[in-house]
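For reference, the structure discussed in these notes is given below.
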Amino acid sequence: MIDTVQLRSRIAGVVLGTTDEGFAAEVAGFNLAIEQTPDVAVGAASASDVVEAVRFARELALPVRVQSTGHGAHERITDGVLITTRRLTSVKVDPATRIATIGAGARWSRVIAAGAPLGLAPVGGASPTVGVVGYLTGGGFGPLSRSHGVSSDHVRGFTVVTGTGDVVEASAASNPDLFWALRGGKSGLGIVTEVRLELVELPSLYAGSLLFENQHIETVLRGWLEYTRTASDAVTTSVVMLRFPPIDAVPEPMRGKNFASLRFAYPGEIGEGRRLAAPLRALAPVFIDSLGELPIDEIALIHNDPEGPTPAWSNGTLLSHGDAALADAAFAAAGPGARTPFVAAELRHLGAATAVDVAEGSAVGGRSGRYTFTLIAAPEPSLFENVVPAAAAKIFEALRPWVNAESNVNFSSHGGAGTPNWSPAVAERLAAVRARYDPDRVFARQ
């Protein structure tokens with residue numbers, strides 16, 4: 001039994017045991033299919049709370065995990081101390097340096113809102129509800145990836161609580177080994193309490209999505225893959241084959257039907273964006289066209305991901321190349337004619353700026369990949385334990401000839417296609433950094 005009374009005396013925020021009122025709400029994440037039951041939850045109100053929680057856990061040899069929004073929750077937590085950072089939501093932007101100082105619990109929506117009045121935007125993820133820190137520590141392939149690179153390339157510094165309960169700064173000038181590792185190495189390195197992210201100027205954006213009905217899905221998939229072979233480096237696109245479930249939450253015209261959604265983003269002059277998107281519009285009759293000039297603070301509409309918590313299961317991998325045979329395999333394995341439990345099968349185009357590492361180097365895995373491939377199942381948690389993983393494994397095997405030698409930790413949530421998230425050299429270096437900053441292995445790998 002953990003002495004929560006003692007811990008409460010050291011914490012300004014919230015300390016909850018498993019029988020305390022509010023415990024379930026404190027540990028709940030965005031993925032409602034994952035029920036978390038740590039021994040104790042610490043709702044940190046400051047970096048000092050994180051320090052005290054880590055030191056407390058260290059004294060009792062308890063494993064420590066951290067959660068902001070819980071988007072990255074894919075396995076149950078059943079022991080130890082769970083530190084939630086959702087209260088650390090401060091976001092401040094310096095217009096002169098374009099640096100946003102972001103608390104560990106902030107979501108992308110807060111950063112977007114803070115930068116938009118200044119004509120600035122983060123190179124962030126597809127969803128505004130995702131936590132900034134968890135996304136960045138895995139690298140980040142978002143809707144501006146090909147034009148602006150991996151999201152973590154824009155990080156300029158972290159404030160981190162180490163496994164010894166010390167607060168350190170990680171940047172190109174301070175603890176550069178930890179800075180290298182946190183840009184892509186994900187977990188087991190420390191608990192980030194604050195991140196400094198350089199925003200980019202984004203005077204205009206031509207972006208949005210095109211929705212195509214069932215009979216055009218194969219044509220759109222093939223045409224999009226062909227388009228990506230010669231696409232401008234300034235354009236980032238993706239295509240997703242959708243199965244809308246027959247539930248009330250889905251608009252009636254789409255309920256129980258299959259569609260292809262083609263996402264497009266060009267950060268530049270609107271007329272040029274329209275010209276670059278024209279071949280995609282011409283692939284087939286468009287059911288819904290929401291592609292056009294997009295305000296900076298509405299960038300989330302490109303992917304239009306769910307904003308509220310939901311039960312879901314996802315897994316993905318990176319692909320090394322795309323060709324007509326990939327279209328054959330993907331359509332046969334995950335298209336509307338395949339009997340699968342997935343509501344979405346998505347391909348994102350990488351390359352261009354994502355393939356180029358920062359000058360000082362980073363631990364981001366999968367820069368050699370040219371596409372991501374992700375499967376999403378929802379909202380039937382009863383299928384997540386056996387049926388869904390088996391179906392995913394079958395699809396990944398069908399795509400084996402295109403699977404990249406290296407994946408990315410933000411995509412391979414359930415092991416992906418079995419490929420490593422880092423090269424052997426990077427994995428070895430990450431292990432050394434973890435050993436230095438968490439010598440007693442206080443932080444459980446998530």
Side-chain angles (χ1 to χ4, degrees), residues 2-18 20-30 34 36-73 77 79-92 100-111 129-137 157-170 178 182 186-197 309 437-438 440 442-446:
I2 295 176
D3 184 358
T4 55
V5 174
Q6 181 194 8
L7 182 55
R8 286 191 183 99
S9 69
R10 302 164 62 169
I11 300 293
V14 174
V15 176
L16 297 169
T18 55
D20 290 331
E21 184 178 355
F23 174 83
E26 185 65 35
V27 301
F30 192 87
I34 304 296
Q36 309 293 25
T37 56
D39 294 320
V40 63
V42 175
S46 66
S48 297
D49 281 355
V50 176
V51 168
E52 290 301 324
V54 169
R55 290 178 177 175
F56 177 84
R58 180 183 173 84
E59 292 161 9
L60 299 182
L62 296 171
V64 175
R65 299 173 181 86
V66 63
Q67 178 172 283
S68 175
T69 65
H71 279 78
I77 297 171
D79 61 357
V81 178
L82 176 62
I83 300 173
T84 61
T85 61
R86 66 186 59 167
R87 293 167 180 81
L88 308 179
T89 59
S90 174
V91 176
K92 298 178 181 178
T101 301
I102 305 165
R107 301 173 185 233
W108 283 112
S109 56
R110 289 182 67 89
V111 186
T129 65
V130 168
V132 171
V133 167
Y135 174 87
L136 288 175
T137 53
F158 298 94
T159 301
V160 188
V161 177
T162 69
T164 56
D166 298 309
V167 179
V168 302
E169 298 299 322
L178 183 58
L182 284 168
K186 201 68 173 180
S187 60
L189 295 158
I191 296 180
V192 174
T193 60
E194 188 176 86
V195 61
R196 271 81 64 197
L197 182 72
Y437 291 93
D438 184 22
D440 298 317
V442 173
F443 300 124
R445 296 286 298 278
Q446 293 173 265

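- In this pair, Y135 and W108 present their aromatic rings perpendicular. The plane angle is above 60°, beyond the 30 to 60° band.
- Once rounded to the nearest 0.5 Å, the distance linking CD of Q6 with CZ of F56 reads 5.5 Å.
- In terms of heavy atoms, T89 sits closest to G105 at CG2-O, 3.9 Å.
- Counted by atom type alone, S68 and R107 present zero donor-acceptor pairs between their side chains at under 3.5 Å.
- A donor-acceptor pair shorter than 3.5 Å cannot be found between the side chains of T85 and Q67.
- In this structure, V27 and T37 have side chains that are not in contact, with every pair of non-hydrogen atoms separated by 4.5 Å or more.
- The two residues L16 and R8 make their nearest non-hydrogen contact at CA-NH2, 4.3 Å.
- Using a 4.5 Å heavy-atom cutoff, the side chains of T193 and V51 are not in contact.
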_Worked verdict on L189 versus V160 for side-chain contact (heavy atoms from CB on, under 4.5 Å)_ = CA-CA 9 Å; L189 295 158; V160 188; over 6 Å; no

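- For I11 against A53, the heavy-atom pair with the smallest separation is CD1-N, 4.0 Å.
- Atom CG of L178 and atom OH of Y437 lie 5.0 Å apart (nearest 0.5 Å).
- Within a 6.0 Å sphere centred on CD of E59, heavy atoms belonging to other residues, nucleotides or ligands number more than 12.
- Between the side chain of S46 and the backbone N or O of D49, at least one donor-acceptor pair lies under 3.5 Å.
- For the atom pair CZ (R55) and OG1 (T164), the distance works out to 8.0 Å, reported to the nearest 0.5 Å.
- For the pair T69/T129, no side-chain contact is recorded, criterion being any heavy-atom separation below 4.5 Å from C-beta on.
- Scanning both residues, I83 and A44, for their nearest heavy atoms gives CG2-CB, 4.2 Å.
- A side-chain donor-acceptor contact under 3.5 Å links K186 to the backbone of G134.
- Residues D438 and G163 approach most closely at OD1-CA, 3.5 Å, considering heavy atoms.
- Note that the CD1 atom of I191 and the CZ atom of R65 stand 11.5 Å from one another [nearest 0.5 Å].
- For E169 and R196, the salt-bridge test passes: some basic side-chain N is under 4.0 Å from an acidic carboxylate O.
- For T84, the side chain to side chain contact (heavy atoms under 4.5 Å, CB included) partners at least two apart in sequence or on another chain are E26, L82, R86, R87.
- Across all their heavy atoms, L182 and A170 have their closest contact at CD1-CB, 4.2 Å.
- With values rounded to the nearest 0.5 angstrom, I2 atom CD1 is found 4.5 Å from L62 atom CG.
- Distance CG/D39 to OG1/T18: 7.5 Å, rounded to 0.5 Å.
- Put simply, the residue from I102, T101, V132 that forms a side chain to side chain contact (heavy atoms under 4.5 Å, CB included) with V91 is I102.
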